[in-house]
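Written out below as structure tokens is the structure these notes cover.
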Amino acid sequence: MKKTVTTLADGRELIYYDRADDTVRDAVDERPLDAVSTSSEIRRDPLLGDSVAIASHRQGRTYHPPADECPLCPSRNGRLSEIPDDDYDVAVFENRFPSLAGDSGRCEVVCFTSDHDVSFAGLTEEQAALVLAAWTDRTADLAALPQVAQVFCFENRGAEIGVTLGHPHGQIYGYPFVTPRTELMLRSMEAHRADTGRNLFDDVVARELSEGDRIVLEGEHWVAFVPYAAHWPYEVHLHPRRRVPDLRELDEAARTEFPQVYLELLRRFDRIFGPGEPPTPYISAWHQAPFRAPGREEFGLHLELFTIRRTSGKLKFLAGSESGMNVFINDVPPEAAAQRLREVASK
Ligand SMILES: [Zn+2]
């Protein structure tokens, strides 16, 4: 892999990840961009104790541009985009409209491919492996920034999820604090250790393997299952069999197998609701240990993949109980969801 670090016209960082080691990326961003003005502010909620990023500068951001004005396509035929080169394999750049910036963290955009019309599920294993390498490298680079406490790599796919750009891409948030969900997991992990003397992540995976009816697929190095108390209609957790705290510590065997397992999961997601249905909207979220949290070595890196579609043409909305009280009501039993995800396996 070849990594090339450069800057855009307004000073934001752009990083190319290329499969061929002899790739040269020296195109210059010729757009007359003003310096980015960000005013994102983290406010703490006194009742809940959680944090809200107030980012008013985001109101002017690009919203559903036509395909020929896509800012994530390479710059070609005189049309200048966020990527100055006329092609790329994987490109990562600092978001021009970040929710978190400066002392408040960092937001990056990851372009999975230069091909506007493909989705992650349509990538080759080599392309998916390069995305994994980029996620891993970004995690390592952001770990070195003092203002970043935790790195979150994720993809939102589908207009129903609120995706405003059709080009296949994901995002990376470097939060300046440990997120509430991660804090909850760390607390559960510590309580489980105190009660049983064992690791919570190991026990969760062991339980799923022994009960078996929520297993979606098993690789040599990865296990995917619908969790016992799934919050979403179709939700899959993917864990490496050898527990590691973050992407940097995956071994070569797990890295090599990941593309095969993850691409299969995404392809199954698109088949859940049968032929003729538009692509399944999903959120794919990497959970990694915060860099400086006590007990981080015990954390279990995993990916959570879920859709908000519950049945053909119907979305699950976060309504009164979920949004008002944080109590999820799931109409699809996790065992039935897992069975469906096994039925739609690639032949
Ligand atoms: Zn595009």
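As the structure lists them, so they are numbered: ligands from 1, and atoms in each ligand from 1.
- For the salt bridge (charged side-chain N to carboxylate O under 4.0 Å, His left out) criterion with Glu298, the lone passing option out of Arg198, Arg193, Arg243 is Arg193.
- Of all N/O/S atoms in His116, ND1 sits nearest the Zn ion (ligand 1).
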query: Going through the checks in order, is the side-chain hydrogen bond (donor to acceptor under 3.5 Å, both in side chains) test met by Arg31 and Ser75?
result: CA-CA 11 Å; Arg31 298 171 299 170; Ser75 294; over 6 Å; no

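- Take the N/O/S atoms of His167: the one nearest the Zn ion (ligand 1) is ND1.
- For Arg106 and Tyr173, the positive end is not near the middle of the six-membered ring at less than 6.0 Å and at most 45° from its axis.
- Angle SG (Cys73) to the Zn ion (ligand 1) to SG (Cys70): 120°, rounded to 10°.
- A salt bridge is defined here as a Lys NZ or Arg NE, NH1 or NH2 lying under 4.0 Å from an Asp or Glu carboxylate O, and Arg96 with Asp10 meets this definition.
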